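For reference, the structure is listed below as structure tokens.
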Amino acid sequence: MYRAVSPDPLAAAGVESFVAGPWALPWSPTACARARSAVREVLPRWGLAGLVPTTELLVSELVCNALRHAVGPLSLTLERVSAVRCVVTDGSSTLPRPTEADAEDESGRGLALVDTLAARWGCEPGPVGKSVWFELAADADPPRVGGSDALDCPQTAGAGRAS
């Protein structure tokens, strides 16, 4: 039996932590559907069915960004601690750059959407490629529209827009 050296403050507060995945996603448009399916399967089991629509939308944005701007391999991991954290990992070391889309542009709004709806988000270089992640508050109502004006890609797990 494994025993932690120091107590987990979330466990002490009665919050269980869980990790689901990683799921290897195909390098094709079906990757977005598979990622949404994983969200629909896992979040209700964690008692977070109310977060499914927002999580599906944001996971689709991150997976689509990876398909358009990165290289494989591609994966999704879902984590539940004090928040729901969704991590999309790809094989490119190039960090995402938020852009400002003009009214007529057909793309360029994905990270703005993530910034608006997520409690926090960021990106981190990895041993191979990078991880782009977002968090949704697990104990709050679904996110409201209206985020920060700054669209930077925070590069550390502790950075990002606070809720």
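Being a predicted model, the structure only gives us computed values, none of them experimental. No hydrogens, no waters, no symmetry mates; every other heavy atom, side chains included, goes into these values.
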Exercise for the section: Find out if a path of hydrophobic residues (ILVMFWY) with successive side-chain heavy-atom gaps under 4.5 Å connects Val128 to Leu25. Expected result: no

Problem - Main-chain N/O of Glu56 paired with Ser60 side-chain donor or acceptor, under 3.5 Å - result: yes

Exercise for the section: Mind listing the closest non-hydrogen atom pair of Gly50 and Pro53 along with its distance? Expected result: O-CD, 3.7 Å

Exercise for the section: Could you tell me the separation between the CZ atom of Arg40 and the CZ atom of Arg36, rounded to the nearest 0.5 Å? Expected result: 7.0 Å

Practice task
Decide yes or no for Glu79 and Val84: does some side-chain heavy atom of the first lie under 4.5 Å from some side-chain heavy atom of the second?
Solution key: no

Fill in the blank from the handout: Separation between SG (Cys86) and CG (Leu43), nearest 0.5 Å, reads 6.5 Å

Completion exercise
From the list Val88, Leu111, Leu113, Leu117, side chain to side chain contact (heavy atoms under 4.5 Å, CB included) partner of Glu61 resolves to Leu113

Fill in the blank from the handout: Closest non-hydrogen contact found for Leu78 with Ala38 is CD1-O, 4.1 Å

Practice task
Kindly give the heavy-atom pair with the smallest separation between Thr55 and Leu51, and that separation in Å.
Solution key: OG1-O, 2.7 Å

Exercise for the section: Keeping the roles fixed (side chain from Lys130, backbone from Asp90), state whether a donor-acceptor pair exists under 3.5 Å. Expected result: no

Problem - Distance in Å, Leu62 CG paired with Leu67 CG, rounded so as to fall on 0.5 Å steps - result: 11.0 Å

Handout entry: Side chain to side chain, Asn65 and Pro96, heavy atoms closer than 4.5 Å
Key = no

Problem - Rounded distance (nearest 0.5 Å) linking atom NE2 of His69 with atom SG of Cys64 - result: 7.5 Å

Handout entry: Approximate separation, where rounding is to 0.5 Å, of Arg120 CZ and Glu135 CD
Key = 4.0 Å

Exercise for the section: Would you name the heavy atoms of Leu136 and Ala118 that are closest together and state the gap between them? Expected result: CD2-CA, 3.8 Å

Practice task
Go through the side-chain N and O atoms of Glu124 and Trp133 and say whether any donor and acceptor fall under 3.5 Å apart.
Solution key: yes

Exercise for the section: Would you name the heavy atoms of Val42 and Trp23 that are closest together and state the gap between them? Expected result: CG2-CH2, 3.7 Å

Handout entry: ILVMFWY cluster, Leu74 and Val71 together (side-chain gap under 4.5 Å)
Key = no

Fill in the blank from the handout: CZ of Phe134 to OG1 of Thr54, rounded to nearest 0.5 Å, is 9.0 Å

Problem - Nearest heavy-atom neighbours spanning Ala138 and Leu48 - result: O-CD2, 3.4 Å

